[in-house]
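Read the numbers this way: they start at 1 and go in the same order the structure lists the ligands and their atoms. Only this structure's heavy atoms are used, side chains among them; waters, hydrogens and symmetry mates stay out.
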Amino acid sequence: MGFDYGPLEARYDAIVIGAGMAGLAAAIRLAMFDVKVVVLEKHYMPGGLNSYYHRAKRPFDVGLHAMTNYAPKGAKRMPLTKLLRQLRIPHDALQLAEQGHSEVRFPGVTLPFTNDFQVLRGAIAEAFPDQADRFDGLVAAIEAFDNLSLDREQLPARPVLAQHLSDPLLIDMLLCPLMYYGSAVEDDMEFGQFVTMFKSIFLEGFARPEGGVRTLTDLLKARLKEVGGEVRFKRGVKRILSKDGKVFGVELEKDDQVIEAPVVISTAGHHETVGLCEALPQPSPETNPVGQLSFMESIHCLDCEPKALGLDQTIVFFNDSERFHYRAAEDYADLRSGVICMPNNYRHQTPLEEGLVRITSIANFAKWAALEKPEPYGEVKERWRAAQAEVAAKLLGEFREHVVYHDTFTPTTILHFTGHQNGAIYGAPTKLTDGLTGVDGLFLAGTDQGFLGIVGAMLSGISIANARVLTAR
Ligand SMILES: Cc1cc2nc3c(=O)[nH]c(=O)nc-3n(C[C@H](O)[C@H](O)[C@H](O)COP(=O)(O)OP(=O)(O)OC[C@H]3O[C@@H](n4cnc5c(N)ncnc54)[C@H](O)[C@@H]3O)c2cc1C
């Protein structure tokens, strides 16, 4: 899909920094209401953390395991339905294939789940009979909680969970997938975020757009163009310009070009945005530290379907130690827990060209960043990829002799593609849920506003565009 926009103009009504999911969604929303908007992206591709690339003529999604928040066509009052309605994108355009079944596996207990919540509920009643009623109480509290409020109080989730559930194993098993798919906080998560992730993973579920993440980024780019917005690649923002506490534009890395606008929405992250704007105060390291959680992931291409080898789950979240540890790894990666995704095991999709096994582990940014490239970085990466594959093979069944190609990314890759300090996959632990930065006209959306994941990031962009720009007009 080409970009035949003319030259960048000197003045817009609004600038969005970053063409990830949040930035594209925010810009579409603004352009739909005749706001003259441009998205400035430092890379040559859209998607940010959720992009795609080619290696050895194979297409790879950067991050996509699952689109959370599955909603069937026509379902009312669900986040995905609302999001598609706000952007005027038809549900059919995504061609969503639902997951088969996924699992949370801990020593001695496996909880299966699907897009039918009763499967998880039944599995909990069977494995934890004394927790069944308590679990129903927790679900009622989750359903009653307004997690989309932009000015909600931030509470840690574990104490709230302990009010409902008395078995620490069940608490850890519920937290494991939710933390892996959306917690910037070590060993806990913010309760509103817990509710968001619980709804999006367990109550709504997983799906995959036919064609992977590219289907979604192509749709967003096309929609932006259709409503009159612009996106410009290789246009990194070097500085956000403000005067007397009010934003007035940005300066680009390329030729120091200045573009003026009374509104700037940054999806670059909170700490990263502070680094771009002299007028913003440095966040306190005690109350708002830089994120520490980063991942390494290896993708194994097979000469057969994973299910031919007995790997029939869509996604497995596992932990093999007594307690679940979700904190920056001490070594290059922490293989005691992780996520294994087999994208072939979505239902009703055109069969993928190869079998795929994606294995994700928590990593240690500083250790990876200290390695020289290409070596010893390449050798260490290969060693840890092989170790990840061994763990997955022990857990789910042997697949390694069917691997015909593999590719691995580390925290330094995440830093390169997103600019997130420490390669922090979910940004900083403290979120600015209201999107307000303290500089008039400068707002935060995306990862550090607090809605995470593909659908969350798009909802964040839409919410900030609606609440901070469109309703203020
Ligand atoms: C490995 C991995 C796997 C994942 N898997 C899933 C999954 O399966 N399902 C799911 O729902 N979510 C997944 N996620 C999370 C999801 O990708 C993110 O939550 C979401 O994409 C965040 O979107 P965003 O727009 O807020 O931020 P980003 O994607 O970080 O986008 C920010 C954009 O801003 C650009 N930018 C930064 N600084 C500047 C600057 N100075 N000038 C111009 N541009 C700039 C960046 O280049 C980037 O394109 C995964 C993430 C990773 C890393």
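Closest approach of S183 and L293 over heavy atoms only: O-CD1, 3.6 Å. Annotation for A27 and V39: closest pair CB-CG2, 3.4 Å, computed over non-hydrogen atoms.
Under 4.0 Å is where a charged nitrogen must lie from a carboxylate oxygen, and between E354 and R58 at least one such pair does. Salt-bridge annotation for E253 and K234: absent, with no side-chain N of the basic residue lying under 4.0 Å from a carboxylate O of the acidic one.
With a heavy-atom cut-off of 4.0 Å, M67 does not touch ligand 1 at all.
Interface atoms of ligand 1 facing I454, defined by a heavy-atom separation under 4.0 Å, are 9 (N), 10 (C), 11 (O), 12 (N). Of all atoms in ligand 1, numbered sequentially from 1 with element shown, those under 4.0 Å from a heavy atom of T418 are 30 (O), 37 (C), 46 (C). Near G48, with a cut-off below 4.0 Å to any heavy atom, the atoms of ligand 1 are 29 (O), 31 (O), 48 (C), 49 (O). Distances below 4.0 Å separate heavy atoms of G236 from the following atoms of ligand 1: 42 (N), 43 (C). Counting atoms of ligand 1 from 1 in the listed order, those under 4.0 Å from a heavy atom of G47 are 29 (O). Shown in contact with L64 at under 4.0 Å from a heavy atom are these atoms of ligand 1, numbered in order with element: 8 (O). Short contacts between ligand 1 and H420, defined as distances under 4.0 Å to a heavy atom of the residue, involve ligand atoms 30 (O). Atoms of ligand 1 lying under 4.0 Å from any heavy atom of G446, numbered from 1 in the order shown and given with element: 26 (O).
Remark: among candidates S51, G453, A66, the nearest residue to atom 9 (N) of ligand 1 is A66, based on non-hydrogen atoms. Comparing heavy-atom distances from atom 28 (P) of ligand 1 across V39, I15, L49, L40 singles out L49 as nearest. Closest heavy-atom approach to atom 51 (C) of ligand 1 within the set T267, I425, L252: this belongs to I425. Nearest residue to atom 23 (O) of ligand 1 from A457, P46, S460 is A457 (criterion: closest heavy atom). Compare H65, E41, M21 by their heavy atoms: the one nearest to atom 47 (O) of ligand 1 is in E41. Nearest residue to atom 42 (N) of ligand 1 from N69, V237, V213 is V237 (criterion: closest heavy atom).
In terms of protein heavy-atom proximity, atom 1 (C) of ligand 1 is closest to F409 CZ, 3.0 Å. Here the heavy atom of the protein found nearest to atom 21 (O) of ligand 1 is N50 OD1, 3.5 Å. At the shortest separation from atom 4 (C) of ligand 1 among protein heavy atoms lies G63 O, 3.3 Å. Counting protein heavy atoms only, atom 25 (O) of ligand 1 is closest to A22 N, 3.0 Å. Looking only at heavy atoms of the protein, atom 44 (N) of ligand 1 is closest to K42 N, 3.2 Å. The protein heavy atom nearest to atom 34 (O) of ligand 1 is G18 CA, 3.1 Å. Annotation: atom 22 (C) of ligand 1 to nearest protein heavy atom, T447 OG1, 3.6 Å.
Not close to ligand 1: Y181, with no non-hydrogen atom less than 4.0 angstrom away. Heavy-atom distances between E253 and ligand 1 stay at or above 4.0 Å for every pair. A heavy-atom separation below 4.0 Å is found between G20 and ligand 1. Heavy-atom separations between H43 and ligand 1 include at least one value shorter than 4.0 Å.
The ring pair (Phe, Tyr, Trp, His ring centres under 6.0 Å) test with F202 singles out one residue from Y70, F113, F117, and that residue is F113. Among Y326, Y426, F317, the one residue that satisfies the ring pair (Phe, Tyr, Trp, His ring centres under 6.0 Å) test with Y180 is Y326.
A donor-acceptor distance shorter than 3.5 angstrom exists from the side chain of T196 to the backbone of G192, with no hydrogens or angles considered. Between the side chain of H406 and the backbone N or O of E382, no donor-acceptor pair lies under 3.5 Å. Counting only distance, with no hydrogens or angles, the side chain of N345 and the backbone of G100 share no donor-acceptor pair below 3.5 Å.
E210 contributes atom CD, which lies 11.5 Å from atom CG of L94 (distance to the nearest 0.5 angstrom).
No more than 12 heavy atoms of other residues, nucleotides or ligands lie within 6.0 Å of CZ in R11, so this atom counts as exposed by the packing criterion.
Taking 4.5 Å as the limit, some side-chain heavy atom of L396 sits within range of a side-chain heavy atom of M342. Using a 4.5 Å heavy-atom threshold, the side chains of L371 and K381 count as separate. At least one side-chain heavy atom of K199 sits less than 4.5 Å from a side-chain heavy atom of V195. Counting heavy atoms from C-beta outward, I414 and F365 have side chains that stay 4.5 Å or more apart.
In summary, the aromatic rings of F417 and F409 are positioned with their centroids too far apart to meet the 6.0 Å limit.
Of the polar atoms of A268, none of the N or O atoms is found under 3.5 Å from an N or O of ligand 1, judged by distance alone.
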